[in-house]
Every structure is written in structure tokens, then in C-alpha cells.
Protein chains: 2
Amino acid sequence: MRAGDRAYQTLREEITNGDLPAGTVLGEVEQAMRLGISRTPVREALRQLISEGLAVQRPRGVEVSEVSFENIGELYDVRLALECQAARLAAQNRDPDVFRALLVDFQHVSDLLNTRDRNRHDYYELVNRLDEALDQAVHNPYLVSAMATVRTHLARIRHMARSDRARLMDAAREHALIVQAIIDGNGDLAAHATHVHLYNSLSHRLAKAASLETRTADAVSPDEGDARETA
Amino acid sequence: MRAGDRAYQTLREEITNGDLPAGTVLGEVEQAMRLGISRTPVREALRQLISEGLAVQRPRGVEVSEVSFENIGELYDVRLALECQAARLAAQNRDPDVFRALLVDFQHVSDLLNTRDRNRHDYYELVNRLDEALDQAVHNPYLVSAMATVRTHLARIRHMARSDRARLMDAAREHALIVQAIIDGNGDLAAHATHVHLYNSLSHRLAKAASLETRTADAVSPDEGDARETA
DNA sequence: CTTCGAATCTGTGTATACATTGACGTGTGA
DNA sequence: TCACACGTCAATGTATACACAGATTCGAAG
């Protein structure tokens with residue numbers, strides 16, 4: 001694989017993970033040293049990050065773009081428009097077997113989450129499978145690309161307001177309804193169920209964010225032990 | 001200005017204009033020679049074009065991406081989702097004076113188009129002003145960015161199926177209704193009027209495309225004398 | 001004459017060298 | 001002591017040199 005692509009993927013993941021917090025200056029020489037390559041592929045990676053919105057061009061150089069809670073509303077407005085349309089299109093073009101398998105999994109999420117709390121990661125994996133199934137079903141690369149951009153930016157905020165188990169159980173029910181509507185070929189229901197799900201998801205995130213503001217700024221959520229190196 | 005940015009803008013415009021048709025190989029050395037710069041800034045420009053979808057990475061190198069009539073439907077599906085949401089948001093956040101001025105212009109399009117046929121370009125300019133007003137009003141950079149991408153791709157197809165004067169008159173009435181709804185703060189009407197407009201626009205383009213297929217492939221539309229250098 | 005192989009050549013990917021711009025620090029003069 | 005100016009330095013932007021991979025072509029052998 002090309003060094004430029006590797007640098008891009010590495011930096012991209014470090015930004016979405018939060019390892020490179022917003023405002024971090026991405027010096028070409030520094031990153032080239034760190035990644036063990038020369039400035040040329042690093043520049044390529046930085047330009048891609050900029051065009052994706054994960055980094056911004058400053059007069060001094062390139063730095064990781066800001067993303068705050070105010071952006072959540074904006075991102076959800078775009079996500080709402082795109083994913084409702086995607087649900088509608090998926091209901092038309094779906095492969096029923098794929099979504100039937102997903103439906104079974106979503107209906108058994110309670111088992112998944114009741115066994116051990118760490119299995120929250122498995123739930124996110126299930127949601128990823130749903131996203132991929134939607135991407136396949138819509139048959140529309142432009143829509144897929146636009147949704148990927150929104151998902152990338154939302155992933156940066158995900159770790160700032162992690163969902164608790166009760167919310168995940170509700171979300172699973174909402175997802176199950178979306179999947180059911182897609183299986184039935186009911187585009188309107190699929191779109192509206194997506195609307196409901198995104199509204200609840202946003203409400204929960206905003207409530208979580210408000211409750212977090214009352215605590216100390218750099219406290220991690222109590223059921224998550226990620227070691228962060230936030231400056 | 002940086003050489004890389006100039007190269008990007010130049011290539012971008014040449015692709016959307018059709019001067020660089022789909023499938024054209026964009027050799028680094030060739031473009032560097034042509035633009036009078038070295039390969040480094042050309043590479044930057046090419047990477048940006050790829051991430052924007054205007055070019056694709058081939059095993060041989062980079063070439064201008066394909067865009068055909070089949071893509072129109074896909075692009076309109078995304079455009080529908082985004083612009084309806086944009087109209088809805090604009091109706092909430094608009095500056096009434098800006099859209100009142102636009103409304104007057106759209107109501108006088110008949111004068112504009114009756115004087116001389118060449119003024120079709122002025123109409124497109126008016127639509128651009130509406131787009132910019134929407135971008136301002138939505139207060140959502142993510143939505144603006146997503147719409148810009150869709151508009152870029154649709155611009156590539158615009159010259160393949162140009163609208164006639166009758167269609168432009170209808171489109172002006174549709175635009176006027178959208179603007180009126182935004183002025184009134186009627187988000188639902190703004191979104192639905194946008195839906196109507198895009199449906200009619202797509203129908204017209206598809207009908208135009210179907211009628212063009214009956215003629216010879218490289219015939220230009222009768223009321224447009226653009227000299228094309230399609231190979 | 002056909003086919004296989006090797007060599008060359010074209011073009012990308014990467015590294016490095018050079019140019020330029022802006023900032024920071026220091027030194028000197030008032 | 002403060003302010004201004006000059007010099008140095010650090011970082012980006014650009015050009016070029018080098019490495020490597022794939023394709024094409026030419027030549028030789030069957």
C-alpha cells in the first residue's frame with residue numbers, strides 16, 4: 001500500500017478517536033518523522049483530511065478542525081435528510097434476506113447487552129452492519145459518500161457523549177422497526193422510523209451533553225475506562 | 001495564490017465544462033507541462049479531484065470520472081433530500097429582505113428571457129444567487145458542503161441536456177414559489193415546492209435526454225452554439 | 001511466421017533539496 | 001526601560017532527483 005494512504009488512514013483514525021484533539025497542529029515534518037516517511041505523502045494525507053473537513057488550513061499550517069456540541073445539531077439535520085432518503089430507497093431495492101438477518105440480530109440485542117457491559121462494542125458493530133447493508137441497498141454512490149462524510153464527523157463526537165445501556169436498548173427497538181419497514185418495502189415507514197430514531201438519538205446526546213457540563217470537563221463516563229491523552 | 005490551488009481550479013473547471021471529457025487520462029507530467037508547474041502541485045490537485053469524485057484512480061494513473069444519464073437519477077435523489085432540508089431550514093433562519101429581492105427577480109424572469117435568448121446565462125446567474133442565499137440562510141456548513149458536491153456533479157451533465165426557454169419560464173415560477181414560502185417562514189411548503197421543482201426539472205432533463213438519443217450523438221442543441229472539442 | 005522473453009521506457013510514488021514567507025528573539029538606540 | 005529594526009530560524013510551497021513497477025517493443029528461437 002502507498003505510504004500516503006497509510007498516513008491518511010492513520011491520521012484519520014487518530015482524529016476520529018480523539019487521540020489528535022481539535023486544534024492540534026499537524027506539522028509536516030513532525031508527522032513525517034513520527035510516521036517514518038517523508039513530507040510528500042504526509043502532505044497528500046493532510047490535503048485529503050482538509051477536503052474531508054477533518055483538518056483546516058491555517059495561515060500557520062494545518063490543524064485538526066474543531067467539532068463541538070453546536071455541530072451536533074447541524075450534523076443531525078444533514079443526517080436526517082440523507083438517512084431518511086436512504087431508508088426510503090433501501091425499502092425499494094433491498095435484498096430481503098440481508099435485512100431479515102439483521103432484524104433477528106436487533107431483536108436479540110437484549111441478550112447481547114445483558115451478558116456483559118463490554119459488549120456495547122458488539123452493538124456498534126451491528127449498527128455498522130446495518131449501515132453497510134443500507135449502503136449496498138440504496139444503489140447510489142453519491143448518497144453513500146455523503147452519508148459516510150456525516151458519519152465520520154459524528155464519530156468524532158460519539159466518544160464525547162456515549163450512550164448508556166438503556167438508550168441502546170431503545171435504539172435497538174428503533175433500528176428493528178426501520179429494518180422491518182425496509183423488509184416490507186414500506187418506504188414511508190422506513191423514512192419516518194429513521195426520523196424517530198434520529199430524533200431520539202439526538203435528544204439523548206444533547207441531554208447527556210448537558211448533564212456532562214455539570215461535572216468536571218475531563219471526567220470520563222463512569223462505565224467506560226478508555227485512557228485518553230487529552231491535553 | 002498557490003500553484004496547487006490554481007491547478008485544482010483549472011482542472012476542476014475544465015472537467016465541469018466538458019473540455020476534459022470523461023475517461024481522459026490526467027498524466028502528471030503532461031498536466032505539469034501544460035500548466036507550467038512541476039508535478040508536485042499537480043499531484044495535489046489530482047488528489048483533490050479524486051476525493052471530490054471528479055477523477056478516479058486507475059491502476060495506470062488518474063483519469064476523469066465517468067458521468068452518464070444513469071447518474072442523473074442518483075444525483076437527484078441526493079439533491080432532493082438535501083435541498084428540501086435546506087429549504088426547510090432556510091424558511092426558519094432566512095433574512096426576509098434577501099429573499100424578497102430574489103422574489104422580484106424571479107417574477108421578472110419573463111422580461112429577462114423575452115428580450116434575447118442569450119440571456120439564459122443571466123437566468124443561471126439568478127439561480128446561483130438563490131443557491132448562495134440558501135447557503136447563507138441554512139447556517140449549516142455540512143449541508144452547504146454536501147449540496148456543493150451534488151451541484152458540481154450535476155453541472156457536468158447540465159450541458160448534455162440544456163433547458164429550453166419554456167422550461168426556464170416554468171422553473172422560474174417554481175423557484176418563485178420556493179422563495180415565497182421561505183419568506184413566509186413556511187418550511188413545509190418550501191420543502192414541498194422544492195420537491196415539485198426538482199421532480200419537474202428531472203423529468204424535463206430525462207425527456208430531453210431521450211429525445212437527444214434519437215438524433216446523432218454529437219449534435220449540439222439547436223439554440224446553443226458552443227464549440228465543443230469532444231474527441 | 002509465430003511466440004516467448006528480455007530490455008527499455010514511460011509514468012507513478014517517494015525522498016530530498018531549494019526558495020520563500022512569516023514569526024520570534026535579540027540587540028541597539030532613544 | 002521601551003520601541004524599533006534586523007537577523008536568524010522554522011515551517012510551508014515548489015522543484016527535482018531517485019526508485020520501482022508495468023507495459024510495450026524488439027529480437028531471437030522454434
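Note on naming: letters A, B, ... go to the chains in the order of the sequence lines (proteins, then strands), and numbering restarts at 1 for each one. Below, all heavy atoms of this structure are taken into account, side chains as well, without hydrogens, waters or symmetry copies. Please read all numbers here as calculations on a predicted model, not as lab measurements.
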Using five pairs at either end of the helix from C/dC1-D/dG30 to C/dA30-D/dT1, determine the angle between the two local helix axes and round it to 10 degrees.
-> 20°
Quick note, salt bridge (Lys or Arg N to Asp or Glu O under 4.0 Å) partners involving residues 124-140 of chain A, not counting sequence neighbours, are A/Asp105-A/Arg129, A/Asp131-A/Arg151, A/Asp135-A/Arg151
Could you check which residues of residues 7-15 of chain A get a heavy atom under 4.0 Å from DNA chain D? Sort them by number, please.
-> none
Contact list for residues 137-150 of chain B, test salt bridge (Lys or Arg N to Asp or Glu O under 4.0 Å), sequence neighbours left out | none
Give me the ring orientation class for B/Phe106 and B/Tyr123: parallel if the planes are under 30° apart, tilted from 30 to 60°, perpendicular past 60°.
-> perpendicular
Residue set satisfying side-chain hydrogen bond (donor to acceptor under 3.5 Å, both in side chains) with A/Arg12, at least two apart, ordered chain then number -> A/Tyr8, A/Glu52, A/Thr152
Those residues that, when tested against B/Asp5, pass side-chain hydrogen bond (donor to acceptor under 3.5 Å, both in side chains) (two or more places apart) | A/Arg47, B/Arg2
Can you list, pair by pair, the side-chain donor-acceptor contacts under 3.5 Å of residues 140-148 of chain B, counting residues two or more places apart and other chains?
from: B/Asn140; atom 1: OD1; to: B/Tyr142; atom 2: N; distance (Å): 3.1
from: B/Asn140; atom 1: OD1; to: B/Leu143; atom 2: N; distance (Å): 3.0
from: B/Asn140; atom 1: ND2; to: A/Glu74; atom 2: O; distance (Å): 2.9

Inter- and intrachain pairs under salt bridge (Lys or Arg N to Asp or Glu O under 4.0 Å), touching residues 30-39 of chain A, at least two apart = A/Glu14-A/Arg34, A/Glu28-A/Arg39
Test side-chain hydrogen bond (donor to acceptor under 3.5 Å, both in side chains) applied to A/Arg6 - qualifying residues, sequence neighbours left out | none
With sequence neighbours excluded, what pairs up with B/Arg158 under the salt bridge (Lys or Arg N to Asp or Glu O under 4.0 Å) test?
-> none
Nucleotides 9-15 of chain D: protein proximity per nucleotide (B base, S sugar-phosphate only, - neither; heavy atom, under 4.0 Å) | ---BBBB
Who pairs with A/Asn93 by side-chain hydrogen bond (donor to acceptor under 3.5 Å, both in side chains), at least two apart in sequence or on another chain?
-> none
